[in-house]
Amino acid sequence: MPATRDQVLSSVWRDGIFKDKVLFCTGGAGTICSVQVRAFVILGGNACILGRNVEKTERMAKDIASSRPGSKVLGLGAVDVRDAEALAKAAERCAKELGSIDFAIAGAAGNFLAPISQLSANAFKTVMDIDALGSYNTAKATLPYLVESAKKHRNTGKAQPTGTGGRIIFVSATFHYTGKPLQAHVAAAKAAVDQIAHSISLEFGPLGVTSNVITPGPIAGTEGMERLSKQDDATLKRSKASVPLGRWGEVKEIADATIYLFSEAGSYVNGHALVADGGQWRVGGADMGGFQYPDFLLGGEIVSGVAKGAKKTKL
Ligand code: COA
């Protein structure tokens, strides 16, 4: 588990920017969300993380709290994001024990690989419920507090002495940008998540709240990459080569994107999907006519059929 400051955050962020602010995060014990929360806590905030597994959630809360002496991190287990009432109660408890909810991350998600031919209606519904309904429930539970926070820490575009507040981030994906086999359920759910985020940006922007999406690409060391991808050397090599930047991302790079959107630097960003994937989703159509991306570019292969006179530029 990344724990030192440089494993969790870039050095560009200033300590104390979230002093006494509170982050509410569903799926907060997961590999990506726990690092988003840890980064926030390192920068001065307190947090409440939620999950279904009691032991895992409480253990992670303690571990995150150890990142900054004096921080408070509540770990509320046995909370299923499909249960709107349980989330509302958890938000109430968070605000009561930590003083407010200034930021929220809707991060709980469910995923497995399955073709439509092996995907039951209940399997499809399960992922829709966890991702789409769960994100909606997270927003409904936290928005009253986020509006309060936005009133206190006004988003004027000028530096505010009390810092920022009233911001929500939804963790999504890019599967639905291009279409993806074995992910019909997740692509449908994440498309819904994005639209929930964007509706909030329209309806709550006038109240000072910002609502954005972060879409992590393939991130090293995450449950998603370990469980949803074959782990043999050839597959891993091919997977990394398929990212324009030639590597998987680091959890820290998702934490940096999060801090950007929560900080003063992200004050005018609302209704945006911030893709942090090394450019991977754009490669969806990059294997063309037998020219395999990026091998034909790196190997200097001449693309046949190009019009006469279109000379190859020396690189
Ligand atoms: N392939 C096809 N169908 C599957 C499946 C798979 N790998 N895994 C579960 N299902 C189906 C089940 O068979 C069931 O459908 P059925 O009633 O028609 O048989 C349905 O999905 C619900 O499964 P269940 O195990 O009852 O759901 P759950 O609520 O306990 O768990 C999951 C939800 C399935 C998303 C589970 O993978 C999970 O809890 N994931 C959380 C962690 C996670 O995925 N994080 C994301 C990391 S990227």
Side-chain angles (χ1 to χ4, degrees), residues 1-2 25-37 49-61 75-87 90 105-138 169-178 180-194 213-231 235-236 239 243 248-251 253-255 257-258 273 275-278 280-281:
M1 211 31 62
C25 178
T26 62
T31 29
I32 289 184
C33 290
S34 64
V35 176
Q36 292 175 292
V37 176
I49 64 169
L50 301 102
R52 276 187 291 172
N53 183 316
V54 177
E55 200 263 322
K56 184 179 168 191
T57 308
E58 289 178 354
R59 187 164 23 95
M60 183 58 83
L76 304 185
V79 181
D80 191 320
V81 288
R82 291 169 282 191
D83 182 346
E85 207 178 311
L87 267 182
I105 296 175
N111 198 356
F112 49 80
L113 298 181
I116 291 173
S117 58
Q118 290 174 254
L119 192 66
S120 69
N122 189 43
F124 181 85
K125 180 178 181 302
T126 299
V127 172
M128 287 297 287
D129 283 354
I130 296 174
D131 291 23
L133 183 63
S135 295
Y136 186 73
N137 289 341
T138 304
I169 289 173
F170 295 79
V171 180
S172 187
T174 57
F175 307 140
H176 50 299
Y177 295 2
T178 53
K180 199 88 162 166
L182 313 184
Q183 292 281 270
H185 45 319
V186 184
K190 294 303 194 186
V193 169
D194 289 7
V213 169
I214 292 179
T215 73
I219 304 296
T222 56
E223 182 195 337
M225 290 317 287
E226 274 159 20
R227 196 161 54 79
L228 304 177
S229 159
K230 291 182 186 167
Q231 295 296 309
T235 305
L236 295 178
S239 168
V243 180
W248 284 357
E250 301 292 325
V251 273
E253 295 179 297
I254 305 305
T258 305
V275 180
D277 76 340
Q280 190 205 35
W281 81 269

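Whatever order the structure lists them in is the order used to number ligands and atoms, beginning at 1.
- Counting only heavy atoms, the protein never gets under 4.0 Å from atom 23 (O) of ligand 1.
- Within the 4.5 Å cutoff, no side-chain heavy atoms of Glu223 are placed close to those of Ile32.
- The shortest side-chain heavy-atom distance between Pro218 and Val243 falls under the 4.5 Å cut-off.
- A side-chain donor-acceptor contact under 3.5 Å links Glu253 to the backbone of Glu250.
- The backbone N or O of Gly51 lies less than 3.5 Å from no partner atom in the side chain of Lys56, so there is not a single donor-acceptor pair.
- Contact annotation for Gln118 and ligand 1: only backbone heavy atoms (N, CA, C, O) come within less than 4.0 Å of the ligand.
- Between the side chain of Asp277 and the main chain of Pro216, no donor-acceptor pair closer than 3.5 Å is present.
- In terms of modelled atom types and a separation under 3.5 Å, the side chain of Gln231 and the main chain of Met225 share a donor-acceptor contact.
- The closest side-chain heavy-atom distance from Thr174 to Val275 is below 4.5 Å.
- Of the protein's heavy atoms, Arg52 NH2, 4.8 Å lies nearest to atom 36 (C) of ligand 1.
- His185 places a side-chain N or O within donor-acceptor distance of the main-chain N or O of Phe112, the cut-off being under 3.5 Å.
- Scanning the protein for heavy atoms near atom 14 (C) of ligand 1, the closest one is Asn122 ND2, 3.9 Å.
- Checking only distances, Ala109 does come within under 3.5 Å of ligand 1, N or O to N or O.
- The proximity of Leu119 to ligand 1, defined as any non-hydrogen pair under 4.0 Å, does not occur for either the backbone or the side chain.
- The closest side-chain heavy-atom distance from Thr138 to Val81 is below 4.5 Å.
- Within ligand 1, the atoms closer than 4.0 Å to a non-hydrogen atom of Arg82 are 29 (O), numbered from 1 in the order shown.
- Under the 4.0 angstrom criterion, atom 32 (C) of ligand 1 counts as lacking any protein heavy-atom contact.
- A donor-acceptor pair under 3.5 Å links the side-chain atoms of Ser120 to the main chain of Ala123, judged by distance alone.
- Atom 12 (C) of ligand 1 has its closest protein heavy atom at Ala123 CB, 4.7 Å.
- Looking only at heavy atoms of the protein, atom 27 (O) of ligand 1 is closest to Thr126 CG2, 3.8 Å.
- Side chain of Thr26 to backbone of Gly107: a donor-acceptor contact under 3.5 angstrom is found.
- Note that atom 8 (N) of ligand 1 has protein non-hydrogen atoms nearby, at separations under 4.0 angstrom.
- When hydrogens are left out, the protein atom nearest atom 47 (C) of ligand 1 is Arg227 NH2, 3.8 Å; that is the closest non-hydrogen contact.
- Although no hydrogens or angles enter the test, the distance criterion places no donor-acceptor pair under 3.5 Å between the side chain of Thr222 and the main chain of Thr31.
- In this structure, atom 16 (P) of ligand 1 has a protein heavy-atom contact shorter than 4.0 Å.
- Shown in contact with Gly224 at under 4.0 Å from a heavy atom are these atoms of ligand 1, numbered in order with element: 48 (S).
- At a heavy-atom cutoff of 4.0 Å, ligand 1 is contacted by no atom of Lys125, backbone or side chain.
- Here the protein heavy atom with the shortest distance to atom 35 (C) of ligand 1 is Gly110 CA, 3.7 Å.
- Nearest protein neighbour of atom 6 (C) of ligand 1, counting heavy atoms only, is Phe112 CD1, 3.2 Å.
- Under 4.0 Å from ligand 1, the heavy atoms of Ser120 that appear belong solely to its side chain.
- From the protein, the heavy atom lying nearest to atom 37 (O) of ligand 1 is Asn111 O, 4.0 Å.
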